[in-house]
Amino acid sequence: MTHLFDLTGKVALVTGATHGLGMAMATALGKAGATPVVNGNTPQKMERALEQYQQEGLDVKGYLFDVTDETAAKENIARIEQEVGPIAILVNNAGMIQRTPALEMEVADFRKVLDVDLTGPFIMSKTVGKYMVERRAGKIINICSMMSELGRDTVSAYAAAKGGLKMLTKNLATEWAKYNVQVNGIGPGYFATDQTAPIRVDGHPFNEFIIHRTPAGRWGNPEDLAGATIFLASKASDFVNGQIVYVDGGILATIGKPSNER
């Protein structure tokens, strides 16, 4: 059955993959046989990322462009198709968050978050999707969030964008399923990354909250995304469309972590 998950010969484009969860997913795809192509918009981060990928034994190609710039996206996707090969897998991971109370948030800042977290995936999906539809084959994975389902203080723009991304996923799946293009999403829970390091120290209130709120009793490790990513990128998910797989240690399944009491 391992052939169902074999990605040998597949070109996988992962946006925002110079660090964090994007890098973990691109690494997983590469180790499953795919040829990873990573996007970023900072030269220094890209240089460091490519060195890290090389240390993992992966030959990864890097392309610098802004996913919210339609012209740049079209030009670079055409280059990737020509220089690396047909894009068989697209992971829309690039994103941003701004923690500001709604009453204090500027409209321009709200629009910026929506532009990166929702319009960017639309531009990338539409551009890559044209190639996939023509070839009658493709996998698109949108990185959603628990905020696609739940609200939380100070993240109104992010939650609005990720909720929209969930519905964009379902709508693109509806339109493109007949062309053998599967569009699904992954909703990560709270993960141990460099960005969350300051709040994961023992005694920090948010660290305690996450550990006690998560049935698994821990933060996710970036490697925990590997299985869902490979599944949704592989032949194993050929009849899975419009779904969001939440990799969250069980947070969305419960109103609280079960106690040890019986």
Side-chain angles (χ1 to χ4, degrees), residues 12-22 25-26 37-42 45-46 62-81 87 89-100 102 105-133 138-152 154-177 179 181-188 195 229 232 241-245:
L13 171 58
V14 185
T15 67
T18 58
H19 62 282
L21 300 185
M25 289 184 285
V37 177
V38 301
N39 149 268
N41 55 14
T42 306
K45 286 185 179 180
M46 180 64 77
Y63 287 78
L64 290 166
F65 64 96
D66 183 348
V67 297
T68 68
D69 183 333
E70 186 175 11
T71 299
K74 286 181 177 179
E75 290 175 352
N76 280 276
I77 287 167
R79 284 181 57 208
I80 294 166
E81 287 269 331
I87 299 170
I89 302 156
L90 168 66
V91 181
N92 283 312
N93 169 74
M96 68 170 292
I97 188 169
Q98 181 169 328
R99 295 179 175 87
T100 306
M105 191 168 204
E106 298 292 337
V107 172
D109 292 333
F110 187 91
R111 285 177 172 150
K112 182 178 180 180
V113 174
L114 261 65
D115 200 30
V116 174
D117 292 350
L118 182 56
T119 305
F122 173 72
I123 290 171
M124 294 298 296
S125 297
K126 175 185 176 182
T127 307
V128 175
K130 287 183 177 180
Y131 292 94
M132 291 180 171
V133 166
K139 303 279 186 175
I140 296 176
I141 305 171
N142 290 323
I143 304 307
C144 297
S145 166
M146 287 192 301
M147 299 302 102
S148 297
E149 302 290 344
L150 301 173
R152 185 166 172 255
T154 76
V155 294
S156 57
Y158 181 80
K162 292 298 185 178
L165 186 57
K166 177 185 74 171
M167 295 312 300
L168 177 64
T169 301
K170 292 177 178 292
N171 277 268
L172 295 182
T174 301
E175 291 190 25
W176 298 344
Y179 301 114
V181 175
Q182 290 83 52
V183 186
N184 293 287
I186 294 175
Q195 289 177 315
T229 304
L232 293 178
N241 226 339
Q243 303 301 309
I244 314 298
V245 179

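Below, each value reflects all heavy atoms present in this structure, side chains not excepted, and no hydrogens, waters or symmetry copies. All figures in this text were calculated on a predicted structure; none of them were measured in a lab.
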For the residue pair Met46 and Val38, establish whether any side-chain heavy-atom pair is separated by less than 4.5 Å. yes
Answer yes or no: is there a donor N or O on one side and an acceptor on the other, between the side chain of Thr100 and the main chain of Met105, under 3.5 Å? no
Could you check whether atom OH of Tyr63 has more than 12 heavy atoms from other residues, nucleotides or ligands sitting under 6.0 Å from it? yes
Verdict with supporting geometry, Leu165 and Asp117, side chain to side chain contact (heavy atoms under 4.5 Å, CB included): CA-CA 8 Å; Leu165 186 57; Asp117 292 350; over 6 Å; no
CG of Leu13 to OG1 of Thr15, rounded to nearest 0.5 Å, is 7.0 Å
Step by step, work out the side-chain hydrogen bond (donor to acceptor under 3.5 Å, both in side chains) result for Asn41 and Asp66. CA-CA 6 Å; Asn41 55 14; Asp66 183 348; 5.2 Å; no
Whether Lys170 side chain and Gly242 backbone form a donor-acceptor pair below 3.5 Å: yes
Do Lys162 and Val155 have side-chain heavy atoms sitting under 4.5 Å apart? no
Search all heavy atoms of Thr169 against all heavy atoms of Gly185 and return the closest pair with its distance. CG2-N, 3.9 Å
Check for a donor-acceptor pair, side chain of Asp69 on one end and backbone N or O of Thr71 on the other, with a separation under 3.5 Å. yes
Tightest non-hydrogen contact, residues Val67 and Ala94, listed as CG2-CB, 4.2 Å
Around atom CZ of Phe65, are there more than 12 heavy atoms from other residues, nucleotides or ligands closer than 6.0 Å? yes
Within the distance-only criterion (no hydrogens, no angle test), does the side chain of Asn39 pair as donor or acceptor with the backbone N or O of Gly16 below 3.5 angstrom? yes
Check whether any side-chain heavy atom of Pro188 sits under 4.5 Å from a side-chain heavy atom of Leu21, and report yes or no. yes
Kindly indicate whether the side chain of Val116, heavy atoms from C-beta on, has any atom under 4.5 Å from the side chain of Thr68. yes
When every non-hydrogen atom of Asn241 is compared with those of Ala173, the smallest separation belongs to OD1-CB, 3.3 Å
If you define the side chain from C-beta out and look only at heavy atoms, does anything of Ile140 sit under 4.5 Å from Leu172? no
Minimum heavy-atom separation for Asn93 to Gly22, with atom names? ND2-CA, 3.3 Å
CZ/Arg99: more than 12 non-hydrogen atoms of other groups inside 6.0 Å: no
Can you see which heavy atom on Ala160 is nearest to which on Phe110, and at what distance? CB-CZ, 4.1 Å
Without swapping roles, check the side chain of Ser148 against the backbone of Ser145 for a donor-acceptor pair under 3.5 Å. yes
Kindly compute the distance separating CD (Gln182) from CG (Leu232), expressed to the nearest 0.5 Å. 10.0 Å
Asn184 (side chain) donor-acceptor with Gln243 (main chain) under 3.5 angstrom: yes
Might you work through the side chain to side chain contact (heavy atoms under 4.5 Å, CB included) test for Asn76 and Arg79, ending with a clear yes or no? CA-CA 5 Å; Asn76 280 276; Arg79 284 181 57 208; 3.2 Å; yes
With the side chain counted from C-beta on, respond yes when Val183 and Trp176 share a heavy-atom pair under 4.5 Å apart, and no when they do not. yes
Which atom names give the shortest non-hydrogen contact between Leu90 and Met124, and what distance separates them? CD2-O, 3.6 Å
For Lys112, does the NZ atom have more than 12 heavy-atom neighbours from other residues, nucleotides or ligands under 6.0 Å away? no
Nearest-0.5 Å distance, CD1 of residue Ile244 to NZ of residue Lys166: 7.5 Å
So do the side chains of Thr42 and Thr18 get within less than 4.5 Å of each other, counting heavy atoms only? no
Quick one: pull up CE in Met147 and OG in Ser156 and give me the separation to the nearest 0.5 Å. 12.0 Å
Rounded to the nearest 0.5 Å, what's the gap from CD1 on Ile80 to OH on Tyr131? Could you check? 9.5 Å
For the residue pair Ile143 and Met25, establish whether any side-chain heavy-atom pair is separated by less than 4.5 Å. yes
With a 4.0 Å cut-off on N to O distance, would you call Lys74 and Glu70 a salt bridge? yes
Taken to the nearest 0.5 Å, the spacing of Asp115 CG from Asp109 CG works out to 12.5 Å
